Amino acid sequence: MKSADIRRSFLDFFAQHDHTVVPSSPLVPANDPTLLFTNAGMVQFKDVFLGREKRPYSRAATSQRCVRAGGKHNDLENVGYTARHHTFFEMLGNFSFGDYFKRDAIHYAWDFLTDVLGLTPERLWVTVYETDDDAYNVWANEIKVPAERIIRIGDDPDGGSDNFWQMGDTGPCGPCTEIFYDHGPEVAGGPPGSPDEDGDRYIEVWNLVFMQYDRDADGTLNPLPSPSVDTGMGLERLSAVLQGVHSNYEIDLFQDLIAAARRVTGAQEADSASLRVIADHIRSIAFLITDGVLPSNEGRGYVLRRIIRRAARHGFQIGSEDAFLYRLVRPLIDTMGEAYPELVKAGEQVEKVLEKEERKFLETLDHGMKILEEDLKDLQGRVIPGETIFLLYDTYGFPVDLTGDIARERGLELDMAGFEAEMEKQRERARAASRFSMDTGNLPGLEDHTTEFCGYEYLEGEGRVVALFREGEAVDRLEVGEEGIVVLDRTPFYAESGGQVGDIGTLSGSGVRFQVQDTRKQAAAHLHVGQVRAGTLEVGQTLSGSVEGPRREAIKRHHSATHLLHKALRDQLGDHVQQKGSLVDSERLRFDFTHMEPLTAEQLKSIEDQVNAEILANEATDTRIMDIDSAMESGAVALFGEKYGDEVRVLKIGSSVELCGGTHVERTGDIGPFRITVEGGVAAGIRRIEAVAGEVALRWMDQQLGHLDAVADRLRAGRADAPDKVRQLQERNRELEKEIERLKGKLASQAGDDLSSRAVEVDGLKVLAAPVEGVEPKALRDMVDQLKQKLGRAVVVLGTATEEGKVSLVAGVTKEETGRIRAGDVVGRVAAQVDGKGGGRPDMAMAGGQSPEKLDAALASVEDTVRELLG
C-alpha cells in the first residue's frame, strides 16, 4: 500500500466518522514564540485545547507536515544514520475537543489499523499509563487484547513517563496509550518497557493522548470539565509496516527520492547514508521555503541554511561537483504534490532559492575545507579546538554541524565548551556595542484595561484617564513638565501596529494639556507617550484628544499605497511574494518582501504603473468586519505568520483585499501620485522597496527635476539632451581609461626589464622580490606575469604601499615549479610580516597588509623563505 493511499485512507476513515478534515498548517507556527517549527499535529489546535479559541467543529483529522531540526526537538544529527529519524515527517492525527474520549479513540484506532489497513491483530501490542484503568479495561475487555500484550508503563526516575503527556510544567496533561507493531522474532529487540525495548522488533506506530487534567503549580491534577483527545501516527513508520520493511528509508516516499538523488549526484552506491540524508533533507528544505522560510543567519532561516548545507556536503561526498539539490524539487513534487498543492505552486520559487543558496555554499565549503584541512595537519590529539570551530563558523560561515560531521568521519571530537566560550565573547562584544532606545516596557496592570479606538472616522474624541505611568511605574498623577504615559478608555489616536506608526497630537482638559509624542499598544490598551505641558493630570479626568491631522492624512496615503504595492508585486512577480515587514509613516512607506533577485528597471516601472493606474481609477475603499473564515473565503490575503481573532477587519482597496486594522483613504485617488524611490536587498531572499505618495511624492519629483536641471546646466544642455551628453562623456572616459591602461602596461614592462636583473638563484630557481611604487593591484599582477616569463623557472614577489596606507602584495611561481613551492605559501609568510594575510592559486597569490613601514624588510626575507620552503 503506497504512502499516498495510506494518507488518503486515514483522512477518509475519520471523515466518515464525522471528523472535519483540516488542511496541514504551515511549518511556521502562527504567533507562537515557544516553537521554532510545527513539530506535531496538535500545534495548530493548541489554543483550542487551552480554551482560548473556538472552532465550528469538535472533531478533526489532519495529515500535518512537521519539522524537527532545531530547538528542543532536534533530530538533525541522527538523520541518515538510523532507520526512523527524520527532519521532516507527516503526522496523521485525529482530535476530539471535548467530544469523544478514551473508549471511542481506542476503538477508532483499532478499527482503522485492523479493518481498514488489515494489520494482523496478533502483531499489535499496546501500552497504557500504570494507573489508567479506564484505558486498560477498554483494551482488555472490549478490544480483547490479551493481558500479556497490554503493558502498564509508570514514571521514570526523574518523574516523567512515556505514557503521561503534558503541555508544560502546568496546564493540560493526561495519560497516553501507545500502539506497537511486532515485526517478528527474526528481528532483534524486546517489547516496550523491557530492557531490550530499543531494538527494531517492536515499533510504535500510534500514540493516543487523553487530555484529562489541568496541573496546578503545586502539582495537583484537577479534572478538566471537557476532556479531549490528541493522537499522532507517523505516516512514514506506518508505511514501513504496511510495505514490509524495517527502515523508513525503504518506503516508496523515500525510494523515489533516493533514486533521484543518486541520479543527480552521480553516486555509485545505491544505498548510502548520504543518499538517505539528501532524500530526507530535500523534503524539509522544500516545505520550509514553501512556507515562507528563507536561508539566513538567524532563527528559522539559519536552521534552513544548516539543512541545505548539510545536504549539499553529503552530495559532494558521493560525487557531485556542482549544485544539485534544486534539481530534486521536481521529483519531490511528483511524489508529494498531489497531497500538498502549495508545494506545486511554490515549486519554481523553491528551485530559485535553493540553487542560489547552494552556489553560495560551494564557495564557503571550498574555502572552509581548506582552512580546516590546514588546521587538522597540525592538530595535537583527537580534539578540534573551540577557537578553530569558531573561526570557521564566524569568519568563513562554515556551519558547526558540518565541522562535527567531518570530525565524526575522522574519529575526532569537537571542543564545544571552547566554542561556546568564544561565542559568549562575541555576544558580550555585541551587547557592548548595542544601544537601545527608551521603551515603554511591560507596564503592570494593563491587562485590566481596554481602549476603544474611535479614530477611523474622527481625529478628535473624548476619553477618561484610566491609568498613568511615570518611569514604568503606575502613578495617580503627572505634574507639569513630567514625561509619562496616559491610558484612556477611548481615543482617536492610532497605536503603532501593522507597520503603521502611532499618532501624535494633544490631550487637553480643564487647565491640562498633554503633548502626545507617540502612541503605542500593550495588550488591548493604547499608550499615549508624551509630556505634561500645562496643569496636573490625574486618573479619572476626562480629556479631549486631538490627532495631528496633516500627518495622519500623509500616513493614510502611504498605508493605502502599501496595499496596492503588495498586490502589484504579486501580480508582476508571482504568488511567492510574501510581506516580511513594513513601515508606514508620514514621509514614506517601506515594504519588505520575499524575492530572490533584484528587480529590473522594467519590473519596477510595471509595478509603479499598476499602482498609479489603481489610484487613477479612484475607486471607493471598502472596509468590513467579518469572521475569519468568511474573510478567507472572500479571497482576503492574511499576513504570513500573523494570528487573527474570530473577527477581522477586511480592507478592499482597488484590486487588493487584505486583513488590516490600519487607517486608510476613502478613495484610491486620495493617495495622489506614487513613486518608488529605492529597491534593494536587506537579507538573503528578502528585497525592500521604499516609496512615496501624495504631497511627499510631489516634493520628491520636484527634487529629482532639480537634480536633472543641475546636471543639464553643467553639461550646457536642455533636460531632454542631458542623457545623450552623459553618454558621450562616458564613452570618452572609457577611451581615456583604455589609453591609461595601455601606458601603465608599457611602464610596467619597462620596470620589469629593470627589475629582472635583480633576481638571485636559489636551488635552481630565479628568486626576485622587490618593492614598486604607484602601481595598482592589476598592474602589479601583470608585472609578476611578465617577470615570470622573462626569468623562466622563477619565484617573484612584488609589493607596494597604497595611498590608503596599506600594503598590496603579489606572488607568482612558474607553473612547472608549483609542485615544489606554492605562491600562496610564499605570500602568506610575507604578508604576516606586514600584519596581513592572503592566498590564492599555486601559481599566483595576493595578500594585503596593514604596515607599509615593514614592507622592505618583509621583501628582503623572501630569499630565505624560498630556501626554507624548498628545503
Side-chain angles (χ1 to χ4, degrees), residues 22-48 50 52-53 62-76 86-91 93 167 232 280-308 329 332 336 339-347 349-350 352-354 357 498-499 566 570 574-582 592-596 628 632 636-645 648 658-659 682-687:
V22 181
S24 171
S25 65
L27 288 172
V28 178
N31 201 30
D32 188 345
T34 67
L35 283 178
L36 194 65
F37 300 114
T38 298
N39 57 24
M42 61 82 63
V43 169
Q44 68 167 308
F45 303 117
K46 184 175 176 180
D47 283 350
V48 182
L50 290 172
R52 300 171 184 163
E53 180 184 351
T62 65
S63 177
Q64 174 64 50
R65 53 186 185 268
C66 303
V67 161
R68 292 183 181 175
K72 178 182 176 183
H73 299 287
N74 184 359
D75 291 337
L76 184 61
H86 304 292
T87 56
F88 176 95
F89 60 95
E90 294 180 76
M91 184 74 84
M167 190 174 289
D280 170 89
H281 285 12
I282 189 60
R283 303 204 310 165
S284 292
I285 292 164
F287 278 101
L288 283 171
I289 297 173
T290 295
D291 287 341
V293 181
L294 292 170
S296 69
N297 287 327
E298 59 185 13
R300 298 181 177 106
Y302 177 63
V303 176
L304 172 59
R305 175 163 283 169
R306 286 180 64 200
I307 297 173
I308 292 172
V329 175
L332 177 64
M336 301 185 69
Y340 297 102
E342 57 267 49
L343 177 65
V344 181
K345 193 173 182 181
Q349 172 71 358
V350 174
K352 286 181 179 179
V353 172
L354 192 46
E357 181 67 15
H566 190 190
R570 290 174 66 87
D575 290 339
H576 67 273
V577 169
Q578 293 179 351
Q579 181 175 339
K580 286 296 181 181
S582 68
D592 295 347
F593 59 97
T594 53
H595 191 63
M596 289 305 297
I628 184 67
M632 294 295 99
V637 175
L639 183 60
F640 182 82
E642 284 290 324
K643 189 161 181 123
Y644 298 93
V648 292
E658 292 190 43
L659 308 186
V682 293
I686 307 291
R687 309 298 300 176

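None of these values were measured; they are calculated from a predicted model.
Rounding to the nearest 0.5 Å places CE of M596 at 7.0 Å from CD of Q349. Atom CD of residue Q578 and atom CG of residue D592 lie 13.5 Å apart, to the nearest 0.5 angstrom. In this structure, CZ on R68 lies 11.5 Å from OG1 on T87, to the nearest 0.5 angstrom. Taking CD of Q579 as the start and CZ of R570 as the end, the distance is 10.5 Å to the nearest 0.5 Å. Between the CG atom of L27 and the CD1 atom of I289 there is a distance of 11.5 Å, given to the nearest 0.5 Å.
With hydrogens and angles ignored, the 3.5 Å screen pairs a side-chain donor or acceptor of K580 with a backbone N or O of G292. Remark: the backbone N or O of S25 is paired with a side-chain donor or acceptor of Q64 at under 3.5 angstrom. Checked by atom type and distance alone, the side chain of T290 never pairs as donor or acceptor with a backbone atom of V350 at under 3.5 Å. In this structure, T38 contributes its side chain and P26 its backbone to a donor-acceptor pair below 3.5 Å. With hydrogens and angles ignored, the 3.5 Å screen pairs no side-chain donor or acceptor of T62 with any backbone N or O of V22.
Here the shortest heavy-atom pairing between R283 and L332 reads CG-CD1, 3.9 Å. Nearest heavy-atom pair, F88 versus D280, reported as atom, atom and distance to 0.1 Å: N-OD1, 3.8 Å. Nearest approach of S582 to G498, heavy atoms of both residues: OG-O, 3.7 Å. Of all heavy-atom pairs spanning S63 and S24, the tightest one is O-CB, 3.3 Å. Minimum interatomic distance between P29 and V43 (heavy atoms only, all atoms of both residues): CB-CG1, 4.3 Å. Contact detail for G41 and M91: the closest heavy-atom pair is N-CG, 4.0 Å.
A side-chain contact (heavy atoms from CB on, under 4.5 Å) with I308 holds for exactly one of V303, V353, L354; it is L354.
Under the 30°/60° scheme for interplanar angles, the aromatic rings of Y340 and F287 are found to stand perpendicular.
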CA sep, side-chain torsions, deciding dist, call: T594, I686, side-chain contact (heavy atoms from CB on, under 4.5 Å): CA-CA 5 Å; T594 53; I686 307 291; 4.0 Å; yes

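The closest side-chain heavy-atom distance from M336 to R65 is not below 4.5 Å.
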